[in-house]
Amino acid sequence: MIEVEDLRVRFGQTEAVRGVSFEVAEGASFGIVGESGSGKSTVLRALSGLNPDWTGHMRVAGLTLGRRRGRAFFRRVQMVFQDPYGSLHPRQTVDRALSEPLLVHGLGDIDRRVERALIEVALPPEARFRYPHQLSGGQRQRVAIARALMAEPGVLLLDEPTSALDVSVQAEVLNLLADLQLRRGLTYVLVSHNLPVVAHLCPLIGVMQNGEMVEQIGFEDLRAGRTRHPHTAELRALSVELEEAG
Amino acid sequence: MTAPLVEMAGLRVAFATPTGVSEAVRGVSLTLGQEKLGIVGESGSGKSLTARAILRLLPRTARLHADRLAFDGIDILTASERAMRRIRGRRAGLILQDPKFSLNPVMTIGAQIAEAWRDHTKGSRRTAREAVVALLDQVRIRDPGRVAGLYPHELSGGMGQRVMIAMMLAPDPELLIADEPTSALDATVQAEILRLIEDLVSRRGMGLILISHDLPLVGHFCDRVMVMYAGKVLEELPAGELARARHPYTRGLLACLPSLTHPRAPLATLSRDPAWAA
Amino acid sequence: MTSRAWLLTDTPSSRGQAAWGRRYRAWLLFRANGLAFAGLITVLILIVASLAAPLLTAQDPNAQHLANRLAFPSAQHWFGTDELGRDLYARILYGGRITLGMVVAVVGMVAPVGLIVGCVAGYLGGRADRLLMRVTDVFLAFPRLILALAFVAALRPGISSAIFAIALTAWPPYARLARADTLTIRNADFIAAVRLTGAAAPRIVLRHVMPLAVSSVIVRVTLDMSGIILTAAGLGFLGMGAQPPMPEWGTMIAATRGYILEQWWVPTIPGIAIFIAALAFNLLGDGLRDILDPKQR
């Protein structure tokens with residue numbers, strides 16, 4: 001479904017992403033884990049079309065991606081952002097935010113689709129006409145997920161979707177994401193600095209450090225400690241250390 | 001037996017809102033000696049306010065009540081602002097989450113630490129400079145002389161936090177309150193900073209209150225853990241016994257974490273019993 | 001359900017209800033600010049009084065009674081009469097139409113233009129931004145009164161020239177303000193999310209960026225109104241704006257300033273009118289800033 005080959009992104013003098021390559025099969029989840037500055041979010045932004053300054057080859061559903069993306073691409077690929085407050089327009093109600101993709105793509109039946117979207121992400125109908133500041137962080141993130149799914153994409157790019165949420169809310173959102181993937185056959189690319197979160201949703205994980213993807217590892221191997229790159233081992237050790245203490 | 005560093009009984013912090021009075025902290029009690037206490041809670045639990053109340057660093061719209069609130073025997077409730085200023089910074093330090101917002105962007109690191117140091121220890125400029133280098137060295141910053149001349153925006157998150165710690169330790173305080181000191185940092189740096197705090201606190205015989213939303217983290221680095229929810233303390237237990245926590249909220253918080261070693265799908269979710277907020 | 005309950009409900013059932021609820025909450029916040037509320041009431045009184053001038057006075061503002069010039073305020077002439085025996089009260093009321101009318105005309109032209117230029121420049125960035133900002137800089141560099149004098153020299157003295165001159169120099173700050181707001185918003189995730197729907201730039205700027213930039217512009221506009229009143233009055237005073245016998249407040253002061261020592265009320269009363277109007281707008285603007293400031297929301 002997604003093929004990325006030798007992706008390079010440069011910001012001024014520095015190369016934020018240095019030759020990253022990976023593939024994601026349809027319906028699968030690929031996780032990208034790394035610390036801040038590793039370039040993981042940059043990869044996602046280049047893939048999503050938000051950042052046009054990249055070189056390399058990228059293909060989604062067999063179609064080669066260019067610098068500019070058309071509306072057809074955005075119907076296929078959508079993104080969920082990290083900060084639940086920042087990703088919703090502060091002056092627009094949930095209803096408006098969810099209608100916007102439908103209006104832009106010229107899809108009709110807005111009322112019914114919005115209602116269905118709210119049910120799908122387990123938001124109460126009362127939330128429909130609220131403003132973002134009247135919703136909790138978890139609720140806002142659900143709205144962001146619902147919005148991403150309005151135009152029925154096949155691919156969801158998730159940029160630290162639960163990093164700003166409380167752990168109990170994080171669990172609910174992760175369960176929701178797993179559920180949605182099963183029901184709709186979505187392909188995920190999930191980026192996070194939190195290894196257990198990534199390992200929970202993604203059978204295949206790419207580890208990034210300093211702009212390079214230093215290892216791609218399956219979660220069984222990760223769990224068992226069969227890591228190959230020292231950075232992967234380091235990240236794994238930190239998570240395991242905390243788990244054992246509790 | 002020396003007086004405990006912090007004595008708190010029945011702390012209540014309330015805010016006036018257009019729709020009435022809203023209590024953010026509802027009857028919290030704790031005693032702290034020369035030990036490391038972790039206060040854990042989700043957003044809105046009142047953990048930050050509880051700790052800031054000790055230094056009376058609450059927002060102006062907050063109303064503070066307590067049966068007893070004392071720092072080293074000094075009654076915080078009735079202390080004058082002058083007395084509070086002698087406590088804040090000098091005897092008790094506060095580290096916040098993001099060093100970018102806590103450090104003055106137009107002063108060099110060295111100047112800021114020196115200012116903190118000279119505020120509480122009248123010394124000459126030269127002794128201040130030496131003290132600055134010594135402090136930066138204590139927080140394990142390599143090449144402290146060079147770093148002293150840098151500006152905050154030239155530092156990484158981890159280094160910024162170390163500088164904050166150095167600034168807070170400059171006056172040699174007895175209590176350190178750390179409010180989510182590592183939440184904005186990467187996992188690798190997080191561990192280092194917490195180990196540093198742990199080390200300095202033990203060596204200087206200080207008390208530490210570590211506030212966090214991360215239960216396993218607090219369990220790892222503190223002696224005692226207090227779990228807060230909706231302004232109240234639901235459970236208090238030694239850190240080593242976290243796995244045997246009894247309150248369903250604490251157990252729920254631990255159970256809902258995704259785990260590398262014990263994977264679970266779907267993740268356990270927390271069903272909030274309204275009785276906890278009562 | 002009472003209307004207050006309908007407005008303040010936690011669970012609005014339509015976009016309209018939600019929007020009105022938000023406006024009502026903002027109104028409650030505004031009303032709590034005594035000075036701002038007083039400013040609003042004063043502004044409203046001034047506007048209503050000017051519009052209802054014929055209803056509030058039977059006197060003709062231009063009718064001269066030379067036998068009764070410079071009369072002290074009395075039961076017959078509430079504010080007295082000016083140097084040509086014209087009723088001052090009537091002149092103040094009708095003059096309000098001119099002064100306030102000029103202000104509204106200027107603002108009506110200037111705010112939308114500044115908003116659009118600023119938002120477009122801020123959102124597009126690059127060359128479009130640089131070009132638009134240089135144009136803005138050029139207009140910002142002109143001193144207002146000098147430009148007005150130049151216009152008047154080129155055209156003829158009168159209200160339209162004054163309005164035009166003020167408008168031409170008043171729009172740049174709004175463009176700057178809108179651009180600054182746009183730059184802050186431009187990189188926000190919610191704008192990225194809209195870009196990811198494939199929406200075209202005009203739609204994004206118009207429907208997503210501008211609504212957020214409007215607040216600062218509104219506040220600035222209200223605060224500037226007092227400045228515009230003073231400038232219009234100043235131009236009138238210099239003979240560049242409204243021409244006699246129009247009862248524009250500034251012109252009234254200019255024509256009668258010689259009488260300040262003996263018949264002090266004749267130039268002073270229009271001065272007080274200007275002062276009250278300017279102050280009211282300032283208080284109103286302050287109050288609006290307090291409720292529209294995003295940091296406080």
Side-chain angles (χ1 to χ4, degrees), chain A residues 45 48-51 68-97 99-107 111 114 124-135 140 143-144 147-148 150-151 153 157 159-160 164, chain C residues 6-26 29 119 124-126 181-182 184-218 291-297:
Chain A
R45 291 181 91 91
S48 70
L50 283 176
N51 185 348
R68 311 195 131 272
R69 311 284 162 85
R71 230 170 259 176
F73 171 78
F74 293 123
R75 275 206 72 175
R76 272 237 160 80
V77 178
Q78 277 295 313
M79 190 149 148
V80 175
F81 300 88
Q82 171 178 0
D83 178 8
Y85 198 6
S87 65
L88 299 179
H89 194 294
R91 298 279 170 82
Q92 289 177 357
T93 55
V94 169
D95 175 78
R96 172 85 168 86
S99 314
E100 183 74 4
L102 300 174
L103 290 168
V104 172
H105 290 293
L107 299 168
D111 232 1
V114 169
E126 297 89 68
R128 182 164 170 192
F129 294 102
R130 287 202 184 131
Y131 289 97
H133 68 268
Q134 295 171 303
L135 301 171
R140 289 180 214 139
V143 174
R147 175 180 59 189
M150 285 313 277
L157 305 175
D159 191 357
E160 308 254 19
Chain C
W6 184 82
L7 284 167
L8 289 177
T9 178
D10 224 359
T11 56
S13 51
S14 72
R15 254 187 241 181
Q17 192 179 5
W20 281 109
R22 194 166 54 92
R23 288 175 203 142
Y24 184 64
R25 267 175 246 252
L29 220 68
C119 285
L124 292 181
D181 274 350
T182 307
T184 324
I185 304 165
R186 184 172 68 161
N187 295 319
D189 282 345
F190 59 83
I191 296 291
V194 181
R195 280 168 61 200
L196 287 179
T197 59
R203 187 188 172 92
I204 299 180
V205 170
L206 209 61
R207 285 168 167 275
H208 297 271
V209 175
M210 265 206 235
L212 290 172
V214 155
S215 308
S216 316
V217 170
I218 289 180
I291 58 166
L292 289 175
D293 186 337
K295 284 191 278 273
Q296 251 150 314
R297 284 302 226 104

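Numbered from 1 within each chain, the chains take letters A, B, ... in sequence-line order.
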Chemist: Need one label for His89(A): side chain, backbone, both or neither, based on atoms under 4.5 Å from any heavy atom in chain C.
Modeler: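 Contact with chain C is through both the backbone and side chain of His89(A).
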Chemist: What part of Ser48(A) lies closer than 4.5 angstrom to a heavy atom of chain C: side chain, backbone, both or neither?
Modeler: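 Both the backbone and the side chain of Ser48(A) come within 4.5 Å of chain C.
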Chemist: Are Pro132(A) and Phe190(C) packed together at the side-chain level, in the sense that at least one heavy-atom pair is separated by less than 4.5 angstrom?
Modeler: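 Result no, sub-4.5 Å side-chain heavy-atom pair not found.
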Chemist: Between CZ of Phe73(A) and CG of Leu196(C), what distance do you get to the nearest 0.5 Å?
Modeler: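 One finds 8.0 Å between CZ of Phe73(A) and CG of Leu196(C).
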Chemist: Tell me, for Arg147(A) versus chain C, whether the close heavy atoms (under 4.5 Å) come from the side chain, the backbone, both or neither.
Modeler: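 Interface part for Arg147(A): side chain.
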Chemist: Report the distance from atom NE2 of His208(C) to atom CZ of Arg91(A), rounding to the nearest 0.5 Å.
Modeler: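 Interatomic distance, His208(C) NE2 to Arg91(A) CZ, rounded to 0.5 Å: 14.0 Å.
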Chemist: Under a 3.5 Å distance rule, please check whether Arg195(C) uses its side chain to pair with a backbone N or O of Leu50(A) as donor and acceptor.
Modeler: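 Yes; judged by distance alone, with no hydrogens or angles, the pair exists.
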Chemist: What residue in Ala19(C), Ala188(C), Gly198(C) has the most heavy-atom pairs under 4.5 Å with chain A?
Modeler: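 Heavy-atom pairs under 4.5 Å are most numerous for Gly198(C).
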Chemist: Of the backbone (N, CA, C, O) and the side chain (C-beta and beyond), which part of Leu88(A) lies under 4.5 Å from a heavy atom of chain C, both, or neither?
Modeler: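 The answer is the backbone of Leu88(A).
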Chemist: Which one, Ala199(C), Ala193(C), Pro211(C), Ser14(C), leads in non-hydrogen pairs under 4.5 Å with chain A?
Modeler: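 Among Ala199(C), Ala193(C), Pro211(C), Ser14(C), the one with the most close pairs to chain A is Ser14(C).
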Chemist: Do you know the tightest heavy-atom contact between Ala192(C) and Arg45(A)?
Modeler: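 Result for this residue pair: CB-NH2, 4.4 Å.
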Chemist: In terms of heavy-atom proximity below 4.5 Å to chain C, should Arg128(A) be classed as side chain, backbone, both, or neither?
Modeler: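 Contact with chain C involves no heavy atom of Arg128(A) at all.
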Chemist: Given the rule in the side-chain contact (heavy atoms from CB on, under 4.5 Å) test, do Glu100(A) and Arg203(C) qualify, once you have shown the distances and angles that lead to the verdict?
Modeler: CA-CA 11 Å; Glu100(A) 183 74 4; Arg203(C) 187 188 172 92; 2.8 Å; yes
Chemist: If you draw the axis of the six-membered ring of Phe129(A), does the NZ or CZ of Arg15(C) fall within 45° of it and under 6.0 Å from the ring centre?
Modeler: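 No, cation not above the ring by the 6.0 Å, 45° rule.
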